[in-house]
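As structure tokens, the structure follows; a few thoughts come after it.
Side chains are part of it too, since the values below use all heavy atoms of this structure and drop only hydrogens, waters and symmetry mates. Count residues from 1 along the sequence. Small disclaimer: the values here were computed from a predicted structure and weren't measured.
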Amino acid sequence: MIVVMDNLLQDIRLALRRLHKAPLFAAVAVISISLGIGANTAVFSLLDQVLLRSLPVKDPDRLVLLKANGPRSGWLNANYDSDYIFSYPVYREFRDSKQFDGVFARAPITLAASWHGQTDRVQAEIVSGNYFEVLGASAAIGRTLLPEDDRTLGAHPVAVLDYGYWKSRFAGDLTVLNQTFQLNGHSMTIVGVTQKSFHGVGTTERPFVYVPMMMRAEMYFGRKDLDDHKSYWLNIFARLKPGASVAQTTAAVTTYWRPIIEQDFQYYPKWNAKVRDHAVHQRLQLLSAASGISAAPDELASGLWILAGMVAVLLMIACANVASLMIARATARQKEIAIYQALGAGRWRLFRQVMVESVVLALAGGAAGVLLAYWMGDLILSILPSDPSAQGITAQPDMRVLLFSLAVSLISGILFGLAPAFQTTRLNLS
């Protein structure tokens with residue numbers, strides 16, 4: 001193992017010396033590959049946030065989102081497709097059932113937040129008291145909302161701050177705990193701050209404040225509809241029981257769901273037989289919520305996939321260009337390589353040296369590409385379809401993106417190094 005490492009370090013030093021002696025070649029190669037890797041890194045960073053990343057909560061694979069395609073009549077407030085919204089009485093029914101290992105509800109909302117005389121419009125979530133408990137999310141300081149905060153209307157004027165919002169708006173002040181600030185003109189006591197990695201269950205959203213469900217009327221300008229079966233505004237999430245499959249739970253929940261629908265018929269006396277039949281036989285689905293719920297328009301996801309294909313082609317072109325440069329360089333070094341072989345250098349050693357040189361170039365290009373990705377990410381966000389629900393998307397690469405960039409750099413180095421390496425080792429010494 002020690003011998004292998006010594007040989008590898010020797011190859012790296014030799015590659016660096018060779019590249020130092022050919023600065024123009026090295027600069028052109030690094031710039032070419034950095035453009036391809038930077039574009040791929042930027043697009044992957046956005047794609048990861050929109051479609052691929054799991055929620056940073058306990059066992060995200062056990063989270064499901066309820067969806068029903070039946071008729072709805074009354075007051076609808078859908079931030080997503082209307083099939084994803086339910087009334088608070090329906091949420092209570094599922095919460096009190098024994099079909100899941102926990103059920104919570106939430107709804108996004110925009111609030112006016114005032115602190116020390118300055119008022120801002122902030123994205124927030126109004127959530128059930130067991131929201132953090134079911135998700136398994138803890139507080140960085142203070143506490144999260146508790147089921148006790150979800151029992152009496154208007155009696156729990158408390159709020160939990162998002163970590164980033166706490167840092168930017170409150171300067172990370174630890175003394176904000178138990179202090180009050182204004183939300184829509186109502187005094188709310190700050191009881192905690194979320195963990196830095198937690199951003200709610202909206203994939204592309206970034207709520208700054210979390211408020212308990214019992215403060216619904218205060219946050220929605222006097223709207224008192226928690227007992228209204230015809231008010232649809234909540235997303236319902238649930239956690240599957242350990243070992244339970246989605247199919248098994250769906251079958252059990254569907255049986256439990258139909259009597260609830262039939263009981264609600266009394267609130268819809270104008271529904272005819274056809275509509276009632278549609279309601280009773282509506283399909284209740286449990287969708288995977290490991291990545292949360294996304295309000296980003298389909299065009300955003302489609303645009304990112306198209307861009308991903310385009311930048312992948314760009315990277316392949318960059319690899320082909322660098323491979324051509326290295327082949328031309330290998331041709332110019334035939335006498336040097338012939339001397340190495342005459343002195344006893346084996347084909348494997350020469351092959352390895354060329355591959356190490358290509359990987360060194362690729363890693364340098366990858367490092368430059370990560371720096372470019374910051375700028376490219378902002379540029380891509382500016383040309384994609386804009387949507388308020390996508391304000392949580394950031395162009396800043398995280399550790400997952402950096403690992404992706406490293407993997408792409410290594411693969412690229414291997415790809416554009418193969419052809420020059422084979423050509424170098426096939427030299428006819430005579």
Side-chain angles (χ1 to χ4, degrees), residues 5 7-49 52 304 306-333 337 350-381 383 394-425:
M5 291 301 298
N7 290 337
L8 180 60
L9 291 175
Q10 185 179 1
D11 288 336
I12 292 174
R13 286 194 294 267
L14 181 59
L16 291 174
R17 284 200 300 268
R18 286 175 175 170
L19 293 175
H20 179 70
K21 291 179 180 179
L24 181 60
F25 162 77
V28 172
V30 169
I31 291 173
S32 296
I33 203 67
S34 66
L35 290 173
I37 293 177
N40 276 271
T41 300
V43 172
F44 176 79
S45 177
L46 303 179
L47 199 60
D48 182 48
Q49 295 173 69
L52 305 178
L304 286 175
I306 293 172
L307 278 175
M310 293 171 63
V311 297
V313 173
L314 174 64
L315 180 58
M316 287 188 286
I317 293 173
C319 288
N321 289 338
V322 175
S324 298
L325 289 173
M326 292 190 69
I327 289 173
R329 188 163 179 262
T331 302
R333 292 173 53 205
I337 295 168
L350 294 173
F351 183 90
R352 191 179 67 200
Q353 286 180 355
V354 175
M355 291 302 299
V356 168
E357 184 176 322
S358 68
V359 170
V360 168
L361 282 172
L363 290 176
V370 169
L371 298 178
L372 281 175
Y374 284 85
W375 172 77
M376 288 183 175
D378 289 327
L379 178 63
I380 293 170
L381 282 177
I383 63 176
T394 174
Q396 307 300 314
D398 60 9
M399 184 55 65
R400 282 165 57 91
V401 176
L402 293 179
L403 291 175
F404 169 82
S405 180
L406 176 61
V408 170
S409 299
L410 292 174
I411 294 172
S412 299
I414 293 172
L415 288 177
F416 67 69
L418 284 174
F422 279 118
Q423 176 170 321
T424 298
T425 57

Atom pair CG/CG of L35 and N40 - distance to nearest 0.5 Å = 11.0 Å
A364 to V30 - nearest heavy-atom pair and separation | CB-CG2, 3.9 Å
Does F25 have any ring-ring contact (aromatic ring centres under 6.0 Å, His included) partners at least two apart in sequence or in another chain, and if so, which?
-> none
Picking from L315, L361, V28, what satisfies side-chain contact (heavy atoms from CB on, under 4.5 Å) with I33?
-> L315
Measure the shortest side-chain to side-chain distance between L402 and V370 over non-hydrogen atoms and say whether it is less than 4.5 angstrom.
-> yes
Shortest non-hydrogen contact from S412 to C319?
-> CB-SG, 3.8 Å
Euclidean distance, S405 OG relative to L410 CG, rounded to 0.5 Å = 9.5 Å
Nearest-0.5 Å distance, CG of residue L372 to CD1 of residue I37 = 10.5 Å
Side chain S34, main chain I31, donor-acceptor under 3.5 Å = yes
Between L363 and S409, what is the shortest heavy-atom contact and its length?
-> CD2-CB, 4.1 Å
Who are the side-chain contact (heavy atoms from CB on, under 4.5 Å) partners of I317, not counting sequence neighbours?
-> V313, N321
Taking the side chain from S358 and the backbone from G413, do they hold a donor-acceptor pair closer than 3.5 Å?
-> yes
